[in-house]
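Here's the structure, in C-alpha cells; my notes come after.
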There are 2 protein chains.
Amino acid sequence: MAKAQFDKDNILDKTIMLFWQQGYHGTSMQDVTTTTGLKPGSLYNSFGNKEQLFIASLNRYSQRSADKMKRAMVHGAGEGIIMLLTDMVAAKGQKDYASCFIIKTQLELASTEPKLAQLAASYLSRTKAQYKLAIASEYGEALSEVYATSVMMAIFGIRVYGYQQAKEADMLESLRLSLHWLPWKKH
Amino acid sequence: MAKAQFDKDNILDKTIMLFWQQGYHGTSMQDVTTTTGLKPGSLYNSFGNKEQLFIASLNRYSQRSADKMKRAMVHGAGEGIIMLLTDMVAAKGQKDYASCFIIKTQLELASTEPKLAQLAASYLSRTKAQYKLAIASEYGEALSEVYATSVMMAIFGIRVYGYQQAKEADMLESLRLSLHWLPWKKH
DNA sequence: TATCTTTTTGAGTGTTTGTTCAAAATTGCT
DNA sequence: AGCAATTTTGAACAAACACTCAAAAAGATA
C-alpha cells in the first residue's frame, strides 16, 4: 500500500494561512491546490471536502492557540494574561496582520455556516473557561467570572482594533486602564 | 422618460440585511434578486455592480449608525456612551444578532477586497474621532485619546462577545469595571 | 395621442465554483 | 519479483457565479 507523499500537518499550516486571511467563502479550493501544490484528487482523498478541511485547519490553529496560552500561564494568571495581551497588541504591527482565525470564523459564518460558527464559538467558550479558572486561583472565585469576561472582551477589542492605525502605546495604555486589576509594571 | 418602480433606499435596506448577516463573499447576486424581487437587469441598471451595491449598503448603514450616535450624545458624552453601550449589549439578545456590519466588513475583506475594507476602516476611524471629540469636551483633551481608544475597544469587544452565551448582566458589570470613569448609575 | 427616454424583462453570456473519477503511479508485504 | 492496496494524476462534471443585452413596457412631455 502506498504512503502519502506529503505531510498532512504541513498542508494544514498552509490552509490555515489561507482560511485565516481570506475567510471561508473568500477561499476557493483552487486557492488551496495552487498554494499547497496538491492536485484536487489528493486533496479530497486525504481531507474529504472543503468543510472538513476548514474544520481540520481551525482545529489545528486553536490547538496551537491553547498551547500558547498554557505556556504563558505558568507565570501566573495576572502575569500570563499581561504577556498574552502585550503579544496581541504587538502582532498588529505585522504586515499581514489577520486578527484571530477563530474570531473571524465566528463573525463570518454565524449565518451561512452555523455548524462551523458553533465550532468557533465553542473554542472561544473553552478559552474563556480556562481564563476564568486561572483567574479564580489568583483573584478568588467571586471575581473570576467578571474578570474573565473583561479579559475576553479586551482580547476581542484588540483583535479588531488591530486593523486600525493606532499607536501600540495607546492601546496598551487603554488596556492598563481597563484591566487595572492586572499586575502591570509601573512606568 | 420612465421612472423607477421601486425605492432605492428600500432596496438598500434589504441588501444591508443580506450583506450584514452573510458577508460580502457569502452573499450572491441571486440572493439579492430573490430578496429584493428585482430582476438582474434592474439591479445592475440602478446600482452598477456587486461592489458598488455593497458600498451603497455600507454607506447607508454607517450613516444610520452615525445618526444614532449623535442622538445619544445630546445627553452628554458620558451618559451618551453608556446609553450606546447598553444598547449594544441588549442587541445581542435578538434572535438574528449579527454584530456590526462595519466591523464584520473590516475583518472579512481586509485581505481579499482591500478597497472595501479600507472604507470600513475609515468609518471606524471617523467614529473614534467623534467619540474623542465628545470625550474631550467633558473629560479634557489630555485623557480623550486613551478614553476614546478604550471605548472603541469596548465596542469591538461587545460586538464579538455578543455571539457568546453570556449573561447581559455580566457583560455590563465587566464594562462598568473597564470603563470605570463613565458616570454609571449606582446599583 | 404620439414621441422620446428610461426602465423592466428574462433568457443567456462566459467563468469559477466544489467535487468526482478512471487510469496511472507508488509503495508495503510476501 | 509479483501482488495488492493506496495515492496521484489531470481531465472532466454539473451547479452556481457575476453580469449582459435586445426587446418589450412604462412614463413624462408635447
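In what follows, chains carry the letters A, B, and so on, assigned in the order in which the sequence lines appear, proteins first and then strands, with residues in each chain numbered from 1.
Ring geometry for B/Phe101 versus B/Tyr61: interplanar angle over 60°, hence perpendicular rather than tilted (30 to 60°).
At least one donor-acceptor pair closer than 3.5 Å links the side chain of B/Glu108 to the backbone N or O of B/Tyr24. A donor-acceptor pair under 3.5 Å links the side-chain atoms of A/Thr27 to the main chain of A/Gly23, judged by distance alone. Side-chain N or O atoms of B/Lys92 include one that pairs as donor or acceptor with a backbone N or O of B/Gln164 at under 3.5 Å. Side-chain atoms of A/Ser65 do not come within 3.5 Å of backbone N or O of A/Ser62 as any donor-acceptor pair.
By the 4.0 Å N-to-carboxylate-O rule, A/Glu145 lies close enough to A/Lys128 to be salt-bridged with it.
The stretch residues 9-30 of chain A comes close to DNA chain C through A/Thr27, A/Ser28, A/Met29, A/Gln30, each having a heavy atom under 4.0 Å from the strand. Contacts between residues 32-59 of chain A and DNA chain C, counted as heavy-atom distances below 4.0 Å, involve A/Pro40, A/Gly41, A/Tyr44, A/Asn49, A/Lys50.
Residues B/Leu133 and B/Ile155 do not share a hydrophobic cluster, clusters being chains of Ile/Leu/Val/Met/Phe/Trp/Tyr side chains in contact below 4.5 Å.
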